[in-house]
**Student:** 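The structure follows.
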Amino acid sequence: MAYSKDQLLARLKELQIEFSQYEHPVVLTVEAQAKYVGNLGGALSKNLFLKDKKHRYYVVSALADTKVDLKVLSQRLGLGKGGLRMAAEEALVEILKVPLGCVTPFAVVNESARHVSLLLDQGFKTQEYCFFHPLSNDMSISLNAHGLDKFLKSIGRDPSYVDLEANPPVGKDQPPDLAAFVPSDAPILSDLPVKAPTQDSTGKHVSAASNSAAVAAKAIKPSGNAQNVKEKPVNTVQPSIPAADAGNFVEELLDRASALLLSEISEDSIKQHSGQLGAEVANNIKKCLREDLKNLATIFKNTAYTEGFYAGTRYQPKRL
């Protein structure tokens, strides 16, 4: 069972950690939170839930005004320039067990988050107290870094504070300074794996979804004898296919566009193109993503068609 807000507050009291709590309407951004607690003197925090290409996850918790460059952070972790991106909402719910807008250092309390790496802004130590959501964004609690450390140690976490604005050189003789924070294991999610493209008899690539549709159509092709169909219904097993979910489809597009955008913007490109950087980046993104997005759209279309095909073959109208 996932930790609840009330359980977390009870745990803080049990540990004798001093904190103050403030109820407010649900907020999804730091700006919205500031309207209710921004005048109370504490520092606001922003929290990112990130993943790398090997499906390892990270929570980065920083002061609201700390500039976190994901491209630089990725290099410092030894993941390359484009190795980090925002994790999907499905992973947020399954791993951290919190809804959108509720990511905080407290979210690693759940057993499902044991492999998630937690990086804390060293700026937290300079503040009298900081505000975080206690697993629910209809409340904010304030506590100091010592109290946060005490909680994290109680769940077996060694608090790690880093300078998130630093940009040290990374090279052959200068290893990434945050490589030790890369998780050694990746969590096992319940999501179905995406199948790699296969080839048909002509050597052309066929998506997993369209290939599944072809197999299904062949497997449940009805007999010409209607009486035989009635007496001996065909039993088929539906192959695993990705769900035709428009939300997931859009998230995949945004993830790919975001990753490419981050990889295109660098100090060198800014110096090289100056005022024309926007147009240059836009053109490169269009060129690089065009075929990729066409393939995604085709997979989505084929998947939706396949699911409709299954629904149609299993529908049997009542006889009058």
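Please read these numbers as outputs of a predicted model, since none were measured by experiment.
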**Student:** Any chance you could measure Tyr57, atom OH, to Ser117, atom OG, to the nearest 0.5 Å?
**Tutor:**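 Taking OH in Tyr57 and OG in Ser117, the distance rounds to 14.0 Å.
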**Student:** Any side-chain heavy atom of Val162 within less than 4.5 Å of one from Gln122?
**Tutor:** no
**Student:** At their closest point, which heavy atom of Leu135 faces which heavy atom of Pro99, and how far apart are they?
**Tutor:** O-CD, 4.5 Å
**Student:** Show, in sequence, the C-alpha distance, side-chain angles and deciding distance for Phe151 and Phe106, and conclude whether the ring-ring contact (aromatic ring centres under 6.0 Å, His included) test is met.
**Tutor:** CA-CA 8 Å; Phe151 169 77; Phe106 296 119; 5.2 Å; yes
**Student:** Tell me whether Glu165 contacts the main-chain N or O of Lys67 through its side chain, where contact means a donor paired with an acceptor under 3.5 Å.
**Tutor:** yes
**Student:** Enumerate the salt bridge (Lys or Arg N to Asp or Glu O under 4.0 Å) contacts for residues 139-149, please, sequence neighbours excluded, ordered by first and then second residue.
**Tutor:** none
**Student:** Between Tyr22 and Leu44, is there shared hydrophobic-cluster membership here, with clusters defined by ILVMFWY side-chain heavy atoms closer than 4.5 Å?
**Tutor:** yes
**Student:** Has Arg76 got a side-chain atom pairing as donor or acceptor with Ala166's backbone, closer than 3.5 angstrom?
**Tutor:** yes
**Student:** Is Ser4 reaching over with its side chain to a backbone N or O of Ala2, donor-acceptor style, under 3.5 angstrom?
**Tutor:** no
**Student:** Measuring from Ser74:OG to Leu79:CG, what's the distance to the nearest 0.5 Å?
**Tutor:**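 Separation between the atoms: 4.5 Å.
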**Student:** Any non-hydrogen side-chain atom of Gln21 less than 4.5 Å from a side-chain atom of Ser140?
**Tutor:** no
**Student:** Is it possible for you to say whether Leu119 and Leu48 belong to one hydrophobic cluster, with membership spreading through side-chain heavy-atom contacts below 4.5 Å?
**Tutor:**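 Hydrophobic grouping puts Leu119 with Leu48.
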**Student:** Could you pull out the closest heavy-atom pair between Lys53 and Gly82, with the gap in Å?
**Tutor:**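 Residues Lys53 and Gly82, closest heavy atoms: CE-O, 3.6 Å.
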**Student:** Can you name the ring-ring contact (aromatic ring centres under 6.0 Å, His included) partners of Tyr161, sequence neighbours left out?
**Tutor:** none
**Student:** Counting heavy atoms not belonging to Glu18, are there more than 12 under 6.0 Å from its CD?
**Tutor:**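 No, CD of Glu18 has 12 or fewer neighbouring heavy atoms, counting only those of other groups under 6.0 Å.
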**Student:** Hey, mind stepping through His146 and Lys150 against side chain to side chain donor-acceptor pair (under 3.5 Å) and telling me if it holds?
**Tutor:** CA-CA 6 Å; His146 175 72; Lys150 190 174 183 179; 5.8 Å; no
**Student:** Could you grab the distance from atom OG of Ser112 to atom CG of Leu96, nearest 0.5 Å is fine?
**Tutor:** 7.0 Å
**Student:** Nearest 0.5 angstrom please: Leu77 CG to Phe181 CZ, how far?
**Tutor:**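 That separation rounds to 8.5 Å.
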**Student:** Between atom OG of Ser184 and atom CZ of Arg56, what is the distance when rounded to the nearest 0.5 Å?
**Tutor:** 9.0 Å
**Student:** Considering all heavy atoms of both residues, which atom of Gln7 and which atom of Tyr3 are nearest to each other, and what is their separation?
**Tutor:**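 Shortest heavy-atom contact: OE1-CA, 3.4 Å.
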**Student:** Are Val68 and Val182 grouped together when hydrophobic residues (ILVMFWY) are joined by side-chain heavy atoms under 4.5 angstrom apart?
**Tutor:**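 As far as the 4.5 Å side-chain criterion goes, Val182 and Val68 are connected within one cluster.
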**Student:** State, with a plain yes or no, whether a side-chain heavy atom of Leu50 is found less than 4.5 Å away from one of Arg85.
**Tutor:**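 In short, these two side chains do not touch, never coming nearer than 4.5 Å.
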**Student:** How about NE2 on His24, more than 12 heavy atoms from neighbouring residues, nucleotides or ligands closer than 6.0 Å, or not?
**Tutor:**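 More than 12 heavy atoms, drawn from other residues, nucleotides or ligands, come within 6.0 Å of this atom.
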**Student:** Do you know the tightest heavy-atom contact between Leu152 and Pro105?
**Tutor:**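 Closest pair (atom of Leu152, atom of Pro105, distance): CD2-O, 4.1 Å.
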**Student:** Any side-chain heavy-atom pair from Pro176 and Gln75 closer than 4.5 angstrom?
**Tutor:** no
**Student:** Taking the side chain as C-beta and beyond, is there a heavy-atom pair between Val116 and Ile95 under 4.5 Å?
**Tutor:** yes
**Student:** Any side-chain to backbone donor/acceptor pair from Asn110 onto Ala113? Under 3.5 Å, distance only.
**Tutor:** no
**Student:** Of all the heavy-atom pairs spanning Asn137 and Leu100, show the shortest one and how long it is.
**Tutor:** ND2-O, 3.6 Å
**Student:** Transitively linked via ILVMFWY side-chain contacts under 4.5 Å: Leu15 with Leu9?
**Tutor:**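 Leu15 clusters together with Leu9.
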**Student:** Enumerate, atom names and distances included, each donor-acceptor pair closer than 3.5 Å involving a side-chain atom of residues 126-133, sequence neighbours excluded.
**Tutor:**
| from | atom 1 | to | atom 2 | distance (Å) |
| --- | --- | --- | --- | --- |
| Thr126 | OG1 | Gly123 | O | 2.7 |
| Tyr129 | OH | Leu40 | O | 2.5 |
| His133 | ND1 | Met139 | O | 2.9 |

**Student:** If you define the side chain from C-beta out and look only at heavy atoms, does anything of Asn47 sit under 4.5 Å from Val60?
**Tutor:** no
**Student:** Can you hop from Phe19 to Tyr36 via hydrophobic side chains spaced under 4.5 Å?
**Tutor:**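 Each belongs to a different hydrophobic cluster.
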**Student:** Evaluate side chain to side chain contact (heavy atoms under 4.5 Å, CB included) for Leu84 paired with Lys51, printing each intermediate quantity in order.
**Tutor:** CA-CA 6 Å; Leu84 282 178; Lys51 65 174 288 188; over 6 Å; no
**Student:** Quick check: closest heavy atoms across Lys46 and Leu63, and the distance to 0.1 Å?
**Tutor:**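 For Lys46 versus Leu63, the nearest heavy atoms are CE-O, 3.5 Å.
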**Student:** Please walk me through it: do Val103 and Val59 pass side chain to side chain contact (heavy atoms under 4.5 Å, CB included)?
**Tutor:** CA-CA 8 Å; Val103 177; Val59 168; 4.1 Å; yes
**Student:** For residues Lys5 and Asp138, determine if any side-chain heavy atom of one lies less than 4.5 Å from a side-chain heavy atom of the other.
**Tutor:**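 Contact flag for Lys5/Asp138 side chains = yes.
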**Student:** Could you measure the distance from the CD1 atom of Ile141 to the OG1 atom of Thr104? Nearest 0.5 Å is fine.
**Tutor:**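 Going from the CD1 atom of Ile141 to the OG1 atom of Thr104 covers 7.5 Å.
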**Student:** For Phe124, is there any backbone N or O sitting under 3.5 Å from a side-chain donor or acceptor partner on Asp121?
**Tutor:** no
